[in-house]
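In what follows, a structure is listed as structure tokens, so that the remarks can point back to it.
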2 protein chains.
Amino acid sequence: MASGGRVGITDVAKRAGVSVTTVSHVLSSRRPVAEATRQKVLRVIEELDYRPNEVARSMRVQRTSTVGLVVPNISHPFYTAAARGLEDALRPEGYHCIVTSTDADRDVERDAVRQLLSRVDGFVISGADKRTEDIQPILDAKLPLVMLGADIPGPGFDVVTNADFESGSLAAQHMLERGHRRIAFITAEDDFAAGARRVEGYRSALDKAGLSTEASLVIRAAASLEGGAKALANLRKLAEPPDAVICVSDVMAIGAMYAAREAGLRIPEDVAVMGFDDTEAAALVAPPLTTMATASRDHGRKAGELILRRIQDGTADVEPQRVVFPAKLIQRESTLGRWRGLLRVLPGRERRLLARLG
Amino acid sequence: MASGGRVGITDVAKRAGVSVTTVSHVLSSRRPVAEATRQKVLRVIEELDYRPNEVARSMRVQRTSTVGLVVPNISHPFYTAAARGLEDALRPEGYHCIVTSTDADRDVERDAVRQLLSRVDGFVISGADKRTEDIQPILDAKLPLVMLGADIPGPGFDVVTNADFESGSLAAQHMLERGHRRIAFITAEDDFAAGARRVEGYRSALDKAGLSTEASLVIRAAASLEGGAKALANLRKLAEPPDAVICVSDVMAIGAMYAAREAGLRIPEDVAVMGFDDTEAAALVAPPLTTMATASRDHGRKAGELILRRIQDGTADVEPQRVVFPAKLIQRESTLGRWRGLLRVLPGRERRLLARLG
DNA sequence: ATGAAAGCGCTAACAG
DNA sequence: CTGTTAGCGCTTTCAT
């Protein structure tokens with residue numbers, strides 16, 4: 001038995017009276033082994049409760065069956081779901097996933113990448129707004145890379161992202177269809193690429209509708225409940241306040257809803273509110289929040305598929321792919337009230353609510 | 001240069017005109033190296049952009065600097081936060097964390113553990129209600145183990161858990177203090193250990209208050225929004241419905257709140273509602289939900305500290321520890337309305353709300 | 001159908 | 001202060 005007390009392949013070989021080569025081949029089926037021998041080896045493996053040392057294996061085959069997931073914060077709902085999706089894709093291939101949160105700190109991120117460079121077969125990275133220098137070490141090491149929510153294109157890596165422009169545009173259209181004409185947009189101060197694209201989409205939709213986008217209707221605030229609340233309060237001070245507000249995230253939208261309630265406004269009658277992401281909270285607030293969904297788990301799953309493709313094909317000769325998930329409206333109660341025709345098509349609860357509103 | 005194109009320690013040694021031993025010691029500082037030599041080696045390392053191969057290192061030192069986190073579902077808020085806490089504890093020590101979701105499937109869990117057994121230095125495991133057989137392979141392999149939220153004690157592993165009994169008891173006391181006397185408890189169908197302990201705590205508190213705990217006031221439902229809603233609807237059908245409801249999780253509590261609203265009940269005047277966990281949603285619903293907090297991130301962090309301790313001390317001779325986090329009440333608006341004295345001590349928003357209620 | 005032996009890249013005795 | 005060398009446990013040529 002190996003010194004440490006752990007059973008090694010040589011222990012199995014000895015006890016089975018065969019060479020380690022044979023044991024290895026029984027396990028890998030990479031060359032035929034006489035049935036009798038095979039049975040014997042398998043029995044000994046059972047007896048000794050032998051399990052191959054994956055680290056030694058990794059070293060020999062130069063493959064770790066692990067990918068590194070580097071995100072700002074694993075406890076943010078988007079990344080959590082993405083992590084789960086990544087797992088979904090990796091498990092069937094026997095791959096694992098090392099998770100690292102960087103708190104959007106560049107130094108932490110750089111360290112994390114350096115540390116993982118020799119421990120993983122590829123990286124899935126997401127950060128607000130990546131620049132080439134951040135990912136260069138990965139490309140230098142010729143390691144497969146997939147970026148989540150990035151704006152920059154390859155070469156050398158794939159991108160999985162959201163149709164943010166379209167998403168912002170659809171959000172605005174949704175408000176327009178409901179008869180709103182003064183539609184505000186509350187966005188985050190630490191502007192991430194996706195947020196900027198959403199604002200652009202919103203602007204474009206208003207343009208197409210022949211509405212000029214007043215600068216005062218697009219305002220920034222902290223990416224938090226409080227931020228959303230303050231932003232709404234500020235919008236209320238305008239000479240002509242908006243009758244609809246689109247917020248760049250659900251959490252800000254919920255903050256805005258609080259502020260609206262405090263101001264005695266009814267939602268959606270006095271002011272309609274929308275968010276982005278379709279986080280769990282969106283369905284739970286009162287009234288339930290209309291939001292543009294982000295299929296975060298799917299993002300992660302797709303990233304997993306892409307990274308596996310790169311790992312298997314060798315990263316060099318793989319054409320960079322850019323996967324864009326379509327925008328999807330989740331219609332709830334925070335944006336009803338104008339289009340009465342909805343009464344016909346709504347599910348029970350929403351209909352009852354509308355009826356109650358008279 | 002090593003065959004694969006990657007720079008190895010021998011490449012550095014050759015180019016610096018020293019032995020690999022010296023390079024190794026420059027990196028590890030485990031024995032003195034002449035300053036001149038050191039500088040030279042460091043320069044070459046820089047030039048070649050050499051980074052040690054961690055897999056080879058792991059193999060040599062028999063340590064992977066990785067722990068396996070095995071949970072039912074990483075995208076559940078509790079585990080997400082715990083994962084983050086675990087990371088917090090591991091990063092300073094240069095440790096990483098491989099995450100695996102089992103969907104509470106025993107086979108998946110067993111496979112995950114088997115696969116990771118030789119890749120990690122220890123395990124942090126959480127599952128509804130672990131039994132010895134599930135963790136035996138880990139103990140057999142003499143690997144450090146910490147269980148999250150487990151009911152069973154060591155030996156051979158540490159446990160990090162919540163003061164669930166106390167927590168359930170405090171929840172009930174909170175309701176009692178507010179003058180409620182018919183206090184119901186909605187718990188989950190797939191009863192997990194923590195849930196059972198919470199119910200017991202609730203019973204104990206009512207007993208102490210001299211109230212008999214009517215069996216009909218403790219009911220089970222699916223661990224979901226819908227489950228909570230149905231449970232509340234059922235409670236309403238009782239000859240004498242409760243005026244307070246404690247739910248074993250926030251999500252069920254929020255479901256119950258929906259159902260209460262539908263039934264035309266005011267919260268907390270007609271029925272007070274409490275949850276457990278203090279998930280993000282709890283603060284966001286209307287009215288904001290009073291809940292018993294679970295310091296999930298702290299749980300993870302503590303688990304990290306314990307596992308590192310075991311890894312460093314060698315798991316055998318470490319006395320099993322059981323860390324219990326205290327119960328903590330997060331007072332919000334879903335349980336006000338009885339104790340008028342509160343008006344004096346409440347922060348602005350709650351006070352205003354109370355005032356409005358008259 | 002099976003084995004012997006050469007490493008994968010690193011660390012740590014042991015030896016100067 | 002520095003170097004030589006023997007593995008860690010496995011896979012995989014190359015032989016037989």
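Convention: sequence-line order gives letters A, B, ...; per-chain numbering from 1. What you see is a predicted model; the values in this text were computed from it and never measured.
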- Message: Can you tell me how the ring of B:Phe78 sits relative to the ring of B:His299, calling it parallel under 30°, perpendicular over 60° and tilted otherwise?
- Response: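 Rings of B:Phe78 and B:His299: perpendicular, over 60°.
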Would you call [X] and [Y] a salt bridge, using N to O less than 4.0 angstrom?
X        : Y        : value
A:Arg309 : A:Asp158 : yes
A:Asp11  : A:Lys14  : no
A:Arg301 : A:Asp298 : yes
B:Arg43  : B:Glu46  : no
A:Arg106 : A:Glu109 : no
A:Arg38  : A:Glu35  : yes
A:Asp121 : A:Arg310 : no

Can you check the [X] [atom1] to [N] [atom2] distance for me, whole Å?
X       : N      : atom1 : atom2 : result
B:Arg60 : C:dT11 : CZ    : P     : 9 Å
B:Lys14 : D:dT2  : NZ    : P     : 20 Å
A:Arg6  : D:dC10 : CZ    : P     : 7 Å
B:Gln62 : C:dA12 : CD    : P     : 11 Å
B:Leu27 : C:dT11 : CG    : C1'   : 11 Å
A:His25 : C:dT2  : NE2   : C1'   : 10 Å
B:Ile9  : C:dT11 : CD1   : C1'   : 8 Å
A:Met59 : C:dG9  : CE    : C1'   : 4 Å

- Report the distance from atom OG1 of A:Thr22 to atom CZ of A:Arg31, rounding to the nearest 0.5 Å.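 So the OG1 of A:Thr22 and the CZ of A:Arg31 are separated by 6.0 Å.
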- What distance do B:Glu87 atom CD and B:Tyr95 atom OH have between them, rounded to the nearest 0.5 Å?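 B:Glu87 CD to B:Tyr95 OH: 15.5 Å, rounded to 0.5 Å.
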- Near-strand residues of residues 29-47 of chain A, defined as heavy-atom separation under 4.0 angstrom from DNA chain D: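 Residues of residues 29-47 of chain A that come under 4.0 Å of DNA chain D are, in numerical order, A:Arg30, A:Arg31.
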- Message: Give the residues of residues 16-23 of chain B touching DNA chain C, defined as any heavy atom closer than 4.0 Å, sorted by residue number.
- Response: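 Hits under 4.0 Å, by residue number: B:Thr21.
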- Message: salt bridge (charged side-chain N to carboxylate O under 4.0 Å, His left out) for B:Arg114 and B:Asp111? Distances and angles first, verdict last.
- Response: CA-CA 5 Å; B:Arg114 282 187 70 94; B:Asp111 280 2; 5.7 Å; no
- Helix axis bend for the helix from C:dA1-D:dT16 to C:dG16-D:dC1 - C1'-based end axes, five pairs, 10° rounding: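 It works out to 40° between the end axes.
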